[in-house]
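What follows is a short report on a single structure.
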Amino acid sequence: MPELPEVEVTRRGLLEQLPGRTVTAVSWSAHRLRSAIPHQLLREEIAGQQIRTVDRRAKYLLVRMASGAVLVIHLGMTGKLGVIERQTAPHKHDHLLLELDNGLDLRFNDSRRFGVVLVWLAEKAAQCEENFSLKEGLEPFGDDFTAKTLHALAQHRRIPVKALLMTSRLIAGIGNIYANEILFAARIHPLTPANQLPPAAWRLVVKETRRILQQAIDAGGSTISDFLGASGHPGYFQLQLAVYGRKDSPCLRCGQPIVKTTLAGRATFHCPACQHG
DNA sequence: CAATATACCTGGATGC
DNA sequence: TGCATCCAGGTATATT
């Protein structure tokens, strides 16, 4: 589910519910996620504390407590995070539950358990966040996400441009769906070696990345907003995908059938007629 | 160092 | 209906 737009939509939903609330109790499942759930830190740093705000860095949500401690959550492939009524029956694969002082719960559900829950101690949070942020790539809506920076980043890399867009240490927030969509919009063939793209192509990548991610955020992301219960959105939103999942369907620009291939192990869709290397 | 393969999980779709 | 197989929006780690 979650690439940058879905994580951002989740954040905005949580922002309507969490700031000012106090966490009255915390509980967790017996399973480990990508890493073990930090029980002790949840008890010591999160339980009893007031939530100040919720930020996002890359595909991670940062729930900031008034104390300075930070609860970090990554949704992995199947993670869902939402504020719901306490009497709602537990779902299979619920892994973290924060009881709030207004009778609602924040619940994290993740069937595949590729998600992550971390806690940064109040006293160490600033240092933890700095170290963490250094390992994450450019924010697509950040000031340094420019054609010049991307062009420089690509200079010594022959990696296919699609794989580069998805390398989270270099560029944050773009997963398989949006990488496909961005390259279709920019008319760039996904296999093009990154170092062969001229500055003009990177200018297009910057422009289309921002346009598509923003459009997806505005549309409520692709799936999860129904779970938030915050914004009053019913169901979930269907994103208008131009290539992803459209194998053999006509290209929306030229009518040629969309081709599906595998690139770096991921399903890759492109129009052979209007995306060039 | 750069690029790819693999591993971590469950569940839904597909095909026999 | 049952069962095997494949595939899925992510990313850390191992391997070439």
Side-chain angles (χ1 to χ4, degrees), chain A residues 1-11 29-37 56-61 72-81 91-96 108-118 131-138 140 152-184 190-196 209 212-213 215-217 219-227 236-248 260-269:
Chain A
M1 227 171 296
E3 299 183 38
L4 185 152
E6 292 74 34
V7 177
E8 181 62 23
V9 168
T10 300
R11 182 183 80 86
S29 77
H31 288 100
R32 74 179 273 125
L33 305 177
R34 212 163 77 204
S35 54
I37 296 174
R56 178 188 61 74
R57 170 74 174 102
K59 294 171 189 161
Y60 292 81
L61 288 163
V72 182
I73 296 179
H74 189 289
L75 304 178
M77 289 272 250
T78 50
K80 296 177 180 69
L81 191 61
H91 291 101
K92 192 176 182 183
H93 305 303
D94 281 350
H95 293 295
L96 180 66
F108 177 55
N109 180 285
D110 182 11
S111 60
R112 279 176 83 180
R113 286 192 262 137
F114 288 169
V116 177
V117 173
L118 300 172
N131 294 341
F132 158 79
S133 200
L134 282 173
K135 294 185 189 174
E136 299 298 323
L138 301 170
L153 206 85
Q155 276 325 285
H156 297 290
R157 300 176 209 264
R158 283 184 281 185
I159 186 175
V161 59
K162 175 171 178 256
L164 178 70
L165 289 182
M166 294 175 65
T167 300
S168 59
R169 282 177 179 251
L170 301 176
I171 300 171
I174 301 176
N176 197 39
I177 288 180
Y178 295 110
N180 278 295
E181 295 296 314
I182 289 161
L183 292 176
F184 174 79
L191 274 175
T192 313
N195 62 352
Q196 282 183 21
T209 296
I212 287 170
L213 296 181
Q215 200 171 295
I217 291 167
S222 39
T223 305
I224 47 183
S225 51
D226 62 314
F227 196 70
Y236 56 81
F237 293 83
Q238 198 74 25
L239 186 61
Q240 296 298 314
L241 299 172
V243 277
Y244 184 85
R246 297 193 65 245
K247 173 174 148 67
D248 296 335
K260 179 181 180 184
T261 57
T262 298
L263 194 165
R266 313 302 301 272
T268 299
F269 301 85

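Worth knowing before you read on, the calculation uses all heavy atoms, side chains too, and leaves out hydrogens, waters and symmetry mates. Since the model is a prediction, treat every value here as computed from it, not as a measurement. Naming: A, B, ... by sequence-line order, numbering from 1 per chain.
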Same-atom distance (P) from B:dT6 to C:dC6, integer angstrom: 14 Å

Interatomic distance at C1', B:dA3 relative to C:dG9, whole Å: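 Per the computed distance, 22 Å lies between those C1' atoms.
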
Of the nucleotides [options], which has the atom closest to the [X] side chain?
X: A:K260; options: B:dA2, C:dT11, C:dA8; answer: C:dA8
X: A:A267; options: B:dA2, C:dA8, B:dT10; answer: C:dA8
X: A:N176; options: B:dT4, C:dG9, B:dT10; answer: C:dG9

Measure from the side-chain N and O atoms of [X] to the backbone N and O of [Y], and report whether any donor-acceptor pair falls under 3.5 Å.
X: A:T192; Y: A:V161; value: no
X: A:E3; Y: A:Y178; value: yes
X: A:N180; Y: A:F184; value: no
X: A:T268; Y: A:R266; value: yes
X: A:H95; Y: A:H31; value: no
X: A:R57; Y: A:E136; value: yes
X: A:R56; Y: A:A58; value: yes

It should be established whether [X] places a side-chain nitrogen or oxygen under 4.0 Å from OP1 or OP2 of nucleotide [N].
X: A:H31; N: B:dC9; answer: no
X: A:K92; N: B:dT10; answer: no
X: A:R112; N: B:dC8; answer: no
X: A:Y178; N: C:dG9; answer: no

Can you tell me the distance, in whole Å, between the [atom1] atom of [X] and the [atom2] atom of [N]?
X: A:R34; N: B:dC9; atom1: CZ; atom2: P; answer: 13 Å
X: A:H93; N: B:dT10; atom1: NE2; atom2: C1'; answer: 6 Å
X: A:R266; N: C:dC6; atom1: CZ; atom2: P; answer: 18 Å
X: A:Q155; N: B:dA2; atom1: CD; atom2: P; answer: 13 Å
X: A:H95; N: B:dC8; atom1: NE2; atom2: P; answer: 17 Å
X: A:K59; N: C:dA12; atom1: NZ; atom2: P; answer: 10 Å
X: A:R32; N: B:dC8; atom1: CZ; atom2: P; answer: 11 Å
X: A:F269; N: C:dG9; atom1: CZ; atom2: C1'; answer: 12 Å

A:F114-C:dT11 aromatic stacking (under 5.5 Å, under 30°):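 Stacking between A:F114 and C:dT11: absent.
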
Sugar-phosphate, base or nothing in reach of A:A163, heavy atoms under 4.0 Å: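 It contacts nothing in the nucleic acid.
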
Nucleotide pairing, DNA chain C (Watson-Crick or G-U, distances under 3.5 Å), in dot-bracket with [ ] and |: .|||||||.|||||||

Shortest non-hydrogen contact from A:A154 toward A:L164: CB-CD2, 4.2 Å

